[in-house]
Amino acid sequence: MKFKHSALYEAIIAVLPITALILIINLFLDEGLKKYDLIGFIIGNLFLIGGMTLYGIGTKISLTPVGDSFGSYITMKKKVWILILMGILLGFIITVAEPDLSVLGTQLGSIKWTLILTIALGVGVFLALSLLKTLFKLDFALLIMCLYAILFIIAIFLDNEYLALCFDSGGVTTGALTVPFILALGASVAGVVGGKNKRENSFGMTAICSVGPVMMTMLLCIIFKPEVNPSITPENATDFASLLNIYSTTLAHCLKEVLIALAPIALFFFIFNFISFKLPGIELLRILFGFIYTYIGLSLFLTGVNAAYMGTGYFIGKSLGALENKFALIAVASMVGLLIILAEPAVNVLVKQVEGVSSGTIKKATLKIALALSMAFALAISMLRIIYGFSLWYIIGVGYAIALGLSFFVPKVYTTIAFDAGGVASGPMTATFLLPLAIGATESIASSSAILTSAYGLVATVALMPLITIQVLGFASKLKVKYTKHKIEAIRAQIRNEEIIEFE
């Protein structure tokens with residue numbers, strides 16, 4: 001395998017730009033990162049590169065075929081009750097395993113597991129719904145409109161302080177573990193079910209699954225009104241010993257968390273393989289090694305982002321928020337957003353599958369550029385909301401109206417990809433770097449009491465913007481095709497109308 005096509009090369013290209021940008025930003029801060037914090041940040045990026053490399057290899061040979069196997073099993077059984085039951089079980093298990101959710105829960109203190117189990121139930125129920133949608137070939141745009149209509153009706157009865165947290169919960173559920181699994185599951189079910197819209201039906205499951213956690217979290221907050229005290233306490237290294245302690249403690253914690261996360265889905269798969277799948281031994285061994293790669297890779301990746309990026313994000317946000325010129329906060333956040341999307345591990349999984357399913361008509365590079373621009377815009381709006389303190393309602397109300405409205409005018413495949421991309425964009429890097437950056441900025445500009453209403457909501461905004469950007473891309477593609485057809489017809493008409501000159 002050539003190096004330029006390797007997973008290691010992709011990881012280096014993904015991580016280096018954001019690393020360089022943060023180091024440059026640090027040079028211009030009045031009080032930059034201390035010596036050992038800076039060393040810790042660089043070490044963290046090495047963890048990221050190693051982790052993303054192993055994760056990229058591991059998911060390709062474990063979670064993807066596992067999702068494909070379950071998809072084939074569900075559809076071949078041809079029983080709706082099995083489809084619903086398996087959807088709920090698989091959705092619940094894979095969501096409890098999602099590291100992004102654990103990161104968000106840790107920042108919220110005592111309600112961590114209440115929130116995780118509520119969100120996991122939401123994903124399970126809505127994964128079953130999305131499987132039914134594929135099975136019965138329901139129109140995605142119509143279904144997603146109905147779901148968001150119900151969501152906004154429920155939101156009317158929600159206390160404003162919970163709004164941002166509820167919408168953020170939808171974004172963090174679609175991360176490093178759930179995305180490859182759900183995409184593979186969706187592609188497998190769509191492949192077996194078939195139909196003229198098979199390409200469109202391959203996507204959209206991630207988008208539907210993102211609605212469930214928001215709805216369930218809203219119901220939790222309306223009924224029980226839990227006390228939420230968001231906080232973040234980054235550790236600072238004062239010498240080499242404390243730096244080593246931070247990394248060893250974080251690595252041990254991540255190894256434990258990822259083991260607890262991956263074990264249920266791996267166990268569930270091997271039990272089903274014994275009962276039903278009965279894959280060849282060599283294929284089973286390959287999947288086992290894939291799980292090991294995924295386990296080590298995700299543990300290293302999360303160690304890097306937790307030990308290096310969470311504290312760095314909080315420090316940069318707090319420093320920029322304290323500046324008199326708040327434009328610096330908006331500009332820096334936008335640049336960070338533009339580059340950090342490249343380091344989201346699930347983004348590569350999505351863009352590769354999109355290029356494959358679309359037979360190369362939707363290029364990876366084009367999709368990545370669209371996601372990067374949407375991320376930059378989302379960060380700019382989020383910082384404006386922190387500075388001026390306006391409600392998240394203005395963003396999600398107008399944003400979803402535009403996104404749902406665009407679905408009437410763009411090719412359906414772009415709509416399904418756009419809604420899936422919204423969840424994928426808000427992955428581990430968003431939860432562990434961008435959200436702490438927003439928390440730090442909020443503490444400097446407003447106060448700690450404003451974190452829940454001002455800093456939170458960033459994940460929801462990040463998840464919203466690709467819905468608009470990618471559909472605009474689809475609309476432009478549609479116009480280009482229409483223009484090309486018109487031009488060809490004009491040339492043909494010109495040829496038909498030309499006078500034929502005969503020579504004797």
Side-chain angles (χ1 to χ4, degrees), residues 126 129-130 133 137-156 158 163-164 166-168 170-171 174 197 199-215 218 337 350 354 358 361-362 366-367 369-382 384-385 390-426 457-483:
F126 277 70
L129 176 63
S130 63
K133 170 257 172 194
K137 302 180 178 69
L138 301 177
D139 183 77
F140 172 80
L142 182 61
L143 177 61
I144 205 75
M145 281 183 193
C146 292
L147 292 176
Y148 274 104
I150 296 168
L151 194 67
F152 281 106
I153 290 169
I154 294 173
I156 294 171
L158 184 72
L163 182 69
C166 292
F167 273 93
D168 277 1
T174 46
N197 295 323
R199 189 171 70 155
E200 289 84 347
N201 287 332
S202 297
F203 301 100
M205 288 182 69
T206 305
I208 294 170
C209 290
S210 295
V211 179
V214 183
M215 199 174 288
M218 281 182 176
L350 176 70
V354 168
S358 66
T361 56
I362 303 173
T366 305
L367 201 56
I369 290 168
L371 286 171
L373 291 173
S374 68
M375 180 71 93
F377 191 57
L379 266 290
I381 291 177
S382 297
L384 282 169
R385 192 167 70 86
F390 57 84
S391 173
L392 183 64
W393 269 116
Y394 292 106
I395 298 173
I396 60 173
V398 175
Y400 277 105
I402 294 171
L404 294 171
L406 280 169
S407 66
F408 289 104
F409 304 100
V410 303
K412 289 184 179 180
V413 67
Y414 278 94
T415 299
T416 53
I417 290 170
F419 275 83
D420 274 356
V424 173
S426 49
L458 179 142
V459 179
T461 307
V462 165
L464 168 64
M465 291 308 157
L467 276 59
I468 299 171
T469 310
I470 293 175
Q471 287 193 101
V472 168
L473 182 68
F475 187 67
S477 174
K478 183 179 178 180
L479 290 178
K480 184 180 178 182
V481 170
K482 190 175 180 179
Y483 172 75

Which label fits Phe475 and Phe409: parallel for a plane angle under 30°, tilted from 30 to 60°, or perpendicular past 60°? perpendicular
Salt bridge (charged side-chain N to carboxylate O under 4.0 Å, His left out) pairs touching residues 138-150, sequence neighbours excluded, are Asp139-Lys412
To the nearest 0.5 Å, what is the distance between CD1 (Ile208) and CZ (Phe419)? 10.0 Å
Applying side-chain contact (heavy atoms from CB on, under 4.5 Å), run through Leu379 and Thr461 and close with a yes or a no. CA-CA 8 Å; Leu379 266 290; Thr461 307; over 6 Å; no
Mark yes or no for whether Gln471, through its side chain, and Ala403, through its backbone, hold a donor-acceptor pair below 3.5 Å. yes
Reported CG-to-CD1 distance for the pair Leu163 and Ile396, which is rounded to 0.5 angstrom: 4.5 Å
Which heavy atom of Pro411 sits nearest a heavy atom of Gly474, and at what distance? CD-O, 3.6 Å
If you round to the nearest 0.5 Å, how far is CG of Leu142 from CG of Leu147? 9.5 Å
Side chain of Ser477, backbone of Leu473: donor and acceptor closer than 3.5 Å? no
Mind running side-chain contact (heavy atoms from CB on, under 4.5 Å) on Ile470 and Leu371 for me, showing each step along the way? CA-CA 8 Å; Ile470 293 175; Leu371 286 171; 3.9 Å; yes
How long is the span from the CG atom in Leu404 to the CD1 atom in Ile144, to the nearest 0.5 Å? 8.0 Å
Tightest non-hydrogen contact, residues Asp420 and Gly204, listed as OD2-N, 2.8 Å
Least distance between heavy atoms, Gly337 atom then Met375 atom: O-CG, 2.8 Å
Taking atom CZ of Phe390 as the centre, does the number of heavy atoms from other residues, nucleotides or ligands within less than 6.0 Å exceed 12? yes
Suppose we screen for ring pair (Phe, Tyr, Trp, His ring centres under 6.0 Å). Which residues come up paired with Tyr148, at least two apart in sequence or across chains? Tyr400
First locate atom OG1 of Thr469, then atom CD1 of Ile369, and finally report the distance between them rounded to the nearest 0.5 Å. 12.5 Å
For Ser130 and Met205 the tightest heavy-atom approach is OG-CE, 3.5 Å
Test of understanding: with ring pair (Phe, Tyr, Trp, His ring centres under 6.0 Å), list the residues that count as partners of Phe126, not counting sequence neighbours. none
For Asp168 and Gly457, work out which heavy atoms get closest and say how close. OD2-N, 2.8 Å
Atom CG in Leu464, atom CZ in Phe167: separation rounded to 0.5 Å? 9.5 Å
